[in-house]
Amino acid sequence: MIQAVIFDLDGVIVSTDECHYQAWKALADREGIPFSRQENHRLRGVSRMESLAIVLEKAKRSYTDDEKNNMAAYKNDLYVSLINELTPADLLPGAQSAVLGLRKMGIKTAIGSSSKNAPAILEHLEITTLFDAVADGNSIKRSKPAPDVFLLAAKMLNIPPEYCLVVEDAEAGVDAAINAGMMCLGLGAAQKHPRTILGAKDLSVLDLPAWVALRNTEIN
Ligand code: B16
Ligand code: MG
């Protein structure tokens with residue numbers, strides 16, 4: 001039985017990839033470190049400081065903790081100025097109708113995101129009230145692929161992990177869902193991940209509420 005669906009935010013509900021890329025790229029350029037869109041893919045679903053460590057892999061020198069904290073703050077200031085421009089028009093295809101359809105069926109909905117900016121992003125998209133719980137980077141110590149953010153979402157919803165379906169677009173996120181003992185739907189780059197129960201390009205090519213309803217009928 002699926003009683004709750006936990007949505008990753010970046011790459012599932014909204015694409016903030018380009019905003020992350022522009023902000024990391026500005027930092028990398030300032031420091032004279034090579035950084036490409038391809039490398040940016042490795043940052044999907046991982047925390048801010050872990051992302052910085054990946055950006056610094058190609059740096060010519062090592063940095064102190066103070067310097068690293070300053071660099072992360074510089075990147076985040078730029079990123080926040082970019083996400084401040086988000087509007088409901090930036091919702092990814094099919095995302096909002098999937099959430100609304102599930103809620104109509106009585107399925108609980110939550111966000112499980114590594115981002116500390118998740119609450120602000122939801123506000124800009126005007127969808128905060130569509131979720132029964134928001135678990136994000138502000139409330140966890142270990143980010144994906146650790147299961148923490150999804151386990152926290154399940155706890156906030158009061159639903160056991162085995163009754164939760166996670167929707168994810170990143171390898172680290174699929175691994176986090178499986179590590180949490182949950183089912184996982186893989187989107188985009190994660191659609192062919194071998195540990196997903198189902199894969200799709202995005203939420204517009206799949207009737208998620210209908211799929212959940214059918215699966216729950218089969219299980220009963
Ligand atoms: P912040 P998700 C993740 O969001 C992003 O995919 C990842 O690129 C980012 O580094 C991470 O949030 C932390 O974001 O710097 O805003 O705290 O995919 O888990 O929704
Ligand atoms: Mg993501």
Side-chain angles (χ1 to χ4, degrees), residues 5-28 35-56 68-84 86 90-92 95 99 109-125 127-128 131 133-153 166-177 179-180 182 184-191 193 196 199-203:
V5 179
I6 305 171
F7 293 85
D8 170 49
L9 183 58
D10 176 24
V12 169
I13 301 288
V14 61
S15 181
T16 49
D17 264 16
E18 185 61 22
C19 303
H20 280 296
Y21 171 70
Q22 295 296 343
W24 285 123
K25 178 74 179 151
L27 174 72
F35 184 67
S36 66
R37 280 198 167 76
Q38 203 184 340
E39 279 151 335
N40 191 53
H41 277 297
R42 289 177 58 206
L43 313 185
R44 292 154 70 105
V46 295
S47 72
R48 194 178 307 164
M49 294 313 281
E50 285 162 342
S51 298
L52 176 63
I54 294 172
V55 173
L56 294 182
K68 286 181 191 169
N69 288 335
N70 287 339
M71 284 192 276
Y74 175 82
K75 180 266 172 178
N76 193 56
D77 286 348
L78 285 174
Y79 178 66
V80 168
S81 68
L82 295 171
I83 59 169
N84 277 343
L86 291 174
D90 294 300
L91 281 159
L92 284 173
V99 181
T109 55
I111 289 288
S113 167
S114 300
S115 177
K116 293 185 173 172
N117 293 298
I121 294 171
L122 294 173
E123 282 298 315
H124 290 305
L125 298 173
I127 54 168
T128 305
F131 299 96
V134 176
D136 62 41
N138 297 294
S139 347
I140 46 153
K141 285 214 174 78
R142 299 182 306 165
S143 73
K144 302 166 187 175
D148 303 26
V149 76
F150 294 135
L151 290 175
L152 176 63
V166 168
V167 186
E168 256 294 347
D169 71 308
E171 197 179 332
V174 176
D175 292 341
N179 290 337
M182 300 177 180
C184 188
L185 157 62
L187 299 182
Q191 67 181 298
H193 193 296
T196 53
K201 180 171 78 64
D202 60 38
L203 286 168

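Numbering of ligands and ligand atoms starts at 1, following listing order.
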Problem set entry | Closest non-hydrogen atom pair between Ser115 and Ile121, with its separation | OG-CD1, 4.5 Å
Exercise. Do ligand 1 and Tyr79 have nitrogen or oxygen atoms that lie under 3.5 Å from each other?
Worked result: no
Exercise. Of the listed options (Ala120, Ser114, Ser143), which comes nearest to atom 3 (C) of ligand 1 when hydrogens are ignored and any heavy atom counts?
Worked result: Ser114
For this session: Quick one: do Asp175 and His193 satisfy side chain to side chain contact (heavy atoms under 4.5 Å, CB included)? Show the steps, please.
Result: CA-CA 9 Å; Asp175 292 341; His193 193 296; 3.3 Å; yes
For this session: Kindly say whether Ser36 contributes a backbone atom to a donor-acceptor pair with the side chain of Glu39 at under 3.5 angstrom?
Result: yes
Problem set entry | ligand 1 N/O within reach of Asp169 N/O, cut-off under 3.5 Å | no
For this session: Would you please determine whether Lys144 falls within less than 4.0 Å of ligand 1 on a heavy-atom basis?
Result: yes
Exercise. Going by the order shown, which atoms of ligand 1 are within less than 4.0 Å of some heavy atom of His20?
Worked result: 5 (C), 8 (O), 9 (C), 14 (O)
Problem set entry | Numbered atoms of ligand 1 (with element) below 4.0 Å of Leu9, judged on heavy atoms | 20 (O)
Seminar exercise, completed: re atom 1 (P) of ligand 1, the protein heavy-atom contact at minimum distance is Ser115 OG, 3.5 Å
Exercise. Where is the nearest protein heavy atom to atom 7 (C) of ligand 1: which residue, which atom, and how far?
Worked result: Leu43 O, 3.3 Å
Exercise. Side chains of His20 and Asp10: closer than 4.5 Å at any heavy-atom pair?
Worked result: yes
Problem set entry | Shortest protein contact, atom 2 (P) of ligand 1 (heavy atom only) | Asp8 OD1, 3.0 Å
Seminar exercise, completed: Smallest heavy-atom separation, Asp136 atom then Ala118 atom, equals CB-CB, 3.8 Å
Exercise. For Gly137, is the nearest heavy atom under 4.0 Å from an atom of ligand 1?
Worked result: no
Problem set entry | Any side-chain heavy-atom pair of Glu50 and Leu43 under 4.5 Å | no
For this session: Please examine the side chains of Tyr79 and Trp24, heavy atoms only from C-beta on, and report whether any two atoms are closer than 4.5 Å.
Result: no
For this session: Take every heavy atom of Ala170, measure it against each atom of ligand 1, and state whether any distance is under 4.0 Å.
Result: no
Problem set entry | salt_bridge(Asp17, Arg44) N-O dist < 4.0 Å | yes
Problem set entry | Which of the ligand 1 atoms, numbered from 1, are nearer than 4.0 Å to a heavy atom of Ser51 | 10 (O)
For this session: Would you name the N/O/S atom of Asp8 that lies closest to the Mg ion (ligand 2)?
Result: OD2
Seminar exercise, completed: Here the atoms of ligand 1 under 4.0 Å from any heavy atom belonging to Lys116 are 1 (P), 16 (O), 17 (O)
For this session: Could you check which of Asn117, Asp10, Asn138 puts a non-hydrogen atom nearest to atom 4 (O) of ligand 1?
Result: Asp10
Problem set entry | Shortest protein heavy-atom distance from atom 10 (O) of ligand 1, along with the residue and atom involved | Val46 O, 2.7 Å
Exercise. Counting from 1, what ligand 1 atoms have a heavy atom of Arg44 closer than 4.0 Å?
Worked result: 6 (O), 8 (O)
Problem set entry | Closest approach of any protein heavy atom to atom 15 (O) of ligand 1, naming residue and atom | Arg48 NE, 2.8 Å
Problem set entry | Identity and distance of the protein heavy atom lying nearest atom 20 (O) of ligand 1 | Ser113 OG, 2.7 Å
Exercise. Can an N, O or S atom be found in Asp169 less than 2.8 Å away from the Mg ion (ligand 2)?
Worked result: yes
Seminar exercise, completed: For Asp10, the N, O or S atom at the shortest distance from the Mg ion (ligand 2) is O
Exercise. Can any side-chain N or O of Ser51 pair as donor or acceptor with the backbone N or O of Ser47 at less than 3.5 Å?
Worked result: yes
